[in-house]
Amino acid sequence: MPFIPQSSLVSLQRDLTDVYGFQYWWPADSPQEVMEGAILAQNTSWKNVEKAIARLKGKKASDILSCQDLGEKIRSAGFYRQKERFLKGVLNYYVSKIENLSLPIDTRWELLELDGVGRETADSIALYAFHQHTIPVDSYTIRLLNRYFGTSYSGRDYEEIRGKLIGIFNQEQLMELHGLIDEHCKMFCKKVPKCESCPIRKKCRMNI
DNA sequence: CACCAGGCCCTAT
DNA sequence: ATAGGGCATGGT
């Protein structure tokens, strides 16, 4: 596995910022809504998630928990039977541990205990809802790193990649970086990449 | 029509 | 430890 120097990652972050500007990227009005979105967005296009989010908009967590047709409300986000269960677990955690009390110290570990919350979901919530020093390593991140730097990371290298990134960037930069990467991958570094028009192709190892 | 999207869980090697 | 299948909708 080729070693990615810290300076290269910093440089990539700069280049992406030059192209896309600042991204207040997670579109949510509250920590609760970040949590809802993090569950609903699992392996699902954000477009489909938005409709589900809209139906939960403004509701208190306790009201969503007692809602009788929650599955129907989030149906558009897909996997809705699982996600109804997962969402209830997360909101229940929110109500019991966060809403009434002060912010817990290590949300990431507590979230990982919940059914339906894996590393990426936990890190998304910890970063965007509670501004902790972490970053989700999603498939976009792995894809971009592999193409741009010629590495061959896979999901099993999650902790290594996360560790590298949080060792380099501060919390605000991590929020920014994840948004930039996902924005870029949605537009250019797709599964079938659009290298012809890619704004950062010059330094990319693919360089098609 | 096939394939994909801001994963996770469970199971069989 | 790791790969593979299931989960489900809506857009291209």
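In what follows, chains carry the letters A, B, and so on, assigned in the order in which the sequence lines appear, proteins first and then strands, with residues in each chain numbered from 1. Computed from a predicted model, the values in this text were never measured in an experiment.
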Test R75(A) against E72(A) for salt bridge (charged side-chain N to carboxylate O under 4.0 Å, His left out), laying out the working first. CA-CA 5 Å; R75(A) 190 191 175 100; E72(A) 206 43 51; 3.8 Å; yes
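- Interface residues of residues 71-83 of chain A facing DNA chain C, ordered by number: R75(A), S76(A), G78(A), F79(A), Y80(A), R81(A), Q82(A); criterion, heavy-atom separation under 4.0 Å.
- Against DNA chain C, the stretch residues 37-54 of chain A makes heavy-atom approaches under 4.0 Å through N43(A), N48(A), K51(A).
- Scored by the ring pair (Phe, Tyr, Trp, His ring centres under 6.0 Å) test, F188(A) finds H184(A) as partners (sequence neighbours excluded).
- Straight-line distance between the P atoms of dC10(B) and dA8(C): roughly 14 Å, to the nearest whole Å.
- Residue L112(A) contributes atom CG, which lies 16 Å from atom P of dG7(B) at whole-angstrom precision.
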Show which side-chain atoms of residues 163-174 of chain A pair as donor or acceptor with protein atoms under 3.5 Å away, not counting sequence neighbours.
residue : atom : partner : partner atom : Å
K164(A) : NZ   : I4(A)   : O            : 3.3
N170(A) : OD1  : E172(A) : N            : 3.1
N170(A) : OD1  : Q173(A) : N            : 2.8
Q173(A) : OE1  : N170(A) : N            : 2.8

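- Sorted by first then second residue, the salt bridge (charged side-chain N to carboxylate O under 4.0 Å, His left out) pairs that include residues 128-152 of chain A, not counting sequence neighbours, number zero.
- With distances taken from any side-chain atom of D115(A) to the nucleotides dG7(B), dC9(B), dA5(B), the minimum falls on dC9(B).
- For the pair V117(A) and S124(A), nearest-nucleotide mapping onto DNA chain B gives the more 5' position to S124(A).
- Rounded to an integer number of Å, the gap from CG of L87(A) to C1' of dC7(C) is 16 Å.
- Hydrophobic cluster of L112(A): the remaining members, joined at side-chain heavy-atom separations below 4.5 Å, are W109(A), listed by chain and number.
- For W46(A), the ring pair (Phe, Tyr, Trp, His ring centres under 6.0 Å) partners at least two apart in sequence or on another chain are W26(A).
- Rounded to a whole Å, the CG atom of D138(A) is 17 Å from the P atom of dC4(B).
- Other cluster members for F22(A): none, since no ILVMFWY side-chain heavy atom sits under 4.5 Å from it.
- Every residue two or more places apart in sequence or in another chain that forms a side-chain contact (heavy atoms from CB on, under 4.5 Å) with R14(A) is listed here: V10(A), S11(A).
- Against DNA chain B, the stretch residues 153-178 of chain A makes no heavy-atom approach under 4.0 Å.
- The residue K191(A) sits close only to the backbone: its heavy atoms come under 4.0 Å of sugar-phosphate atoms, none of a base.
- Residue pairs that meet the ring-ring contact (aromatic ring centres under 6.0 Å, His included) test with at least one member in residues 59-81 of chain A, sequence neighbours left out, do not exist here.
- Among residues two or more places apart in sequence or in another chain, the salt bridge (Lys or Arg N to Asp or Glu O under 4.0 Å) test is passed with R81(A) by none.
- Listed for the T44(A) side chain is a donor-acceptor partner under 3.5 Å among the backbone atoms of Q42(A).
- Across the interface with DNA chain B, nearest-nucleotide mapping of R143(A) and G118(A) shows R143(A) to be the residue nearer the 5′ end.
- Straight-line distance from the CD1 atom of I142(A) to the P atom of dG7(B): 10 Å, rounded to whole Å.
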